[in-house]
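The first residue of the sequence shown is numbered 1, and numbering continues consecutively from there. Just follow the structure's listing: the first ligand is 1, and inside any ligand the first atom is 1. Below, each value reflects all heavy atoms present in this structure, side chains not excepted, and no hydrogens, waters or symmetry copies.
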Amino acid sequence: MKIPPVKGTRDFYPSDMAVRNWIIDGWKKVSLRNGFEEYDGPIFEYLKMFQIKSGDEIVEQLFSLRDRGGRDLAIRPEITPTLARMVNQQINSLPRPIKWFSVPRLCRAERPQKGRLREFFQWNIDIIGVDDVLADAEVIFCALDYLREVGLTANDIIVRISSREMLAALLVDIGIEQSQLDDIYSVLDKRSKLPEEAFSEVLAETLTDENKRAKVLELMSLESIEQVSAFAKISKAAKKSVEELKYLFELLDVMGIGSYCQFDIDIVRGLAYYTGIVFEIYDRANELRALGGGGRYDDLLKLFGGPAIPATGFGIGDCVLGILLEEKGLLHKQLPKRTLDYFVAFTDKQYLQKTIEITAKIRLAGFSANFSYKPAKLGKQLKQASDQNAHKCVIIGDESKQNKLVVKDMAAGDQELFELDRFFVQIRH
Ligand code: HAM
């Protein structure tokens, strides 16, 4: 009986694993150089944790289970609630600001499509305890630091930025009830993803007042921060968040990443916990789903039973990123080659034991080494050595009877005869 892999999951053969490791190693390297420390949590949590404030969309996509003790659990679809729980647990002993990163494996029961799977990896960067837009600028910088590191330019990607606080104030200004805001956000989040007619229908279901609907549409057609400032008579609250956005763009310019960033009122975010600056990263051609997104979630820690502590961060998945890098020809040329320090070849099967002994000693000395399990012509073994990108090939032959071996430099092609002892002294230096 053949059992296929589960829909929306991936098998990572060694060549796929090389891609996954390269992406994740890059995420970790850039996180560390931006001053973040790594954390992780469990793969499953109590189901209710994701029902508190992640929003309907995520709840509908949960892989949930009941354990033998009757507890309702869910595989994590994101790590932000776990982060909030972990920080709350040790809030008094953690030095601030908390700058943490994580690379969790996540599961969402989405309809699998280009760039969206049911299991994926997501790079998370979060700053907790900083009530300043500088923290938002820092997390955006960190995302771009990685994306630039792998070769993406301002012609390839764009960070679209807005503010939920500003949107809330503007919506309230045009007469929308505070209690309706969460529903309106999830509709507005779909505006750029739906055809115009379909969007109007969904909006009409949520907002029955035609007059208010027209105002919402007018608001959503604003293209710049200046246009927002000039929009009707905006309230003090809206003005404050417009000023905050302006300051954010100033900081992004100072950081040298202004050309990657653009104001876009359509950015609302699907998750329910965002409270302030929000952003999403897209390919410039706008052909793929979002590479990543994030923003400020100042109320989440409090909602999870902790003190009111501001927080901001983002998540970038490995799927769309991999597709974009491949499309731009940036993936395979950057992957590190599989390499080997030593390939140990033998000229005759009588030297197999010696080969095993020498290989074991080379490995024990801290170097990578491989050998052929079956006797084969020396030429074939040298081919194996070069296929595995061995730097050097040790050849065990008749010389080993006098405790000597031949070492061939694979790049230069020259060979040297070594006393066995001297070989092991020399490789340690
Ligand atoms: P999110 O927008 O739900 O945010 O996910 C961020 C990114 O994860 C997406 O843009 C996408 O690259 C990737 N992603 C999401 N779902 C899938 C999927 N089914 N298949 C492949 N990739 C996917 C969050 O998860 C927030 N918790 C991020 C955050 C951290 N906000 C603040 N801190």
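The shortest N or O to N or O distance between Gly292 and ligand 1 is below 3.5 Å. Note: no N/O pair closer than 3.5 Å links Cys319 and ligand 1 by distance alone. Annotation: Asn124 places no N or O atom under 3.5 Å from an N or O atom of ligand 1; distance criterion only.
Close approach of ligand 1 to Tyr274 is summarised as follows: ligand atoms under 4.0 Å from at least one heavy atom of the residue are 26 (C), 28 (C), 29 (C), 31 (N), 32 (C). If you number the atoms of ligand 1 from 1 as listed, the ones under 4.0 Å from a heavy atom of Gly293 come out as 28 (C). Of all atoms in ligand 1, listed by their number and element, those nearer than 4.0 Å to a heavy atom of Gln122 are 5 (O), 6 (C), 7 (C), 8 (O), 24 (C), 25 (O). Counting the atoms of ligand 1 from 1 in the order shown, those under 4.0 Å from a heavy atom of Thr80 are 26 (C), 27 (N), 29 (C), 30 (C), 33 (N). Atom numbering of ligand 1 starts at 1 in the shown order; those under 4.0 Å from a heavy atom of Gly315 are 6 (C), 7 (C), 28 (C), 29 (C), 30 (C).
Taking a 4.0 Å cut-off on heavy atoms, Val320 fails to register as neighbouring ligand 1. Between Gly115 and ligand 1 there is a heavy-atom distance shorter than 4.0 Å. Heavy atoms of Tyr273 come nearer than 4.0 angstrom to ligand 1 in at least one pair.
A ring-centre distance under 6.0 Å is not found for Trp27 and Phe121. Taking the six-membered ring where the residue is Trp, the centroids of Tyr247 and Phe249 are separated by 6.0 Å or more.
For Glu110, every heavy-atom contact with ligand 1 shorter than 4.0 Å involves the side chain, none the backbone.
Atom 9 (C) of ligand 1 has as its closest protein heavy atom Arg116 NH2, 3.9 Å. Nearest to atom 20 (N) of ligand 1 among the protein's heavy atoms is Leu117 N, 2.9 Å. Counting protein heavy atoms only, atom 15 (C) of ligand 1 is closest to Arg108 NH1, 3.4 Å. For atom 33 (N) of ligand 1, the nearest protein heavy atom (residue, atom name, distance) is Asp126 OD1, 2.8 Å.
Proximity of Leu303 to Tyr273: side-chain heavy atoms (C-beta onward) are nowhere separated by under 4.5 Å.
The stretch residues 1-26 participates, sequence neighbours left out, in these side-chain hydrogen bond (donor to acceptor under 3.5 Å, both in side chains) pairs: Arg10-Asp318. Within the structure, every pair that satisfies the side-chain hydrogen bond (donor to acceptor under 3.5 Å, both in side chains) test and touches residues 276-304, not counting sequence neighbours, is listed here: Asp126-Tyr297, Asp136-Arg296, Arg269-Glu280, Glu280-Tyr282, Arg296-Asp298.
In this structure, the side chain of Lys190 engages the main chain of Ser186 through a donor-acceptor pair within 3.5 Å. Remark: the backbone N or O of Leu47 is not paired with any side-chain donor or acceptor of Asp72 at under 3.5 angstrom.
With no hydrogens or angles considered, no side-chain donor-acceptor pair links Asp264 and Ser162 at under 3.5 Å.
Of the listed options Gln61, Arg269, Glu280, Glu78, Arg269 places a heavy atom closest to atom 1 (P) of ligand 1.
Within 6.0 Å of CZ in Phe12 there are more than 12 heavy atoms belonging to other residues, nucleotides or ligands.
With salt bridges taken as basic N to acidic carboxylate O contacts below 4.0 Å, one links Arg76 and Asp40. Salt-bridge annotation for Lys361 and Glu357: present, with a side-chain N of the basic residue lying under 4.0 Å from a carboxylate O of the acidic one.
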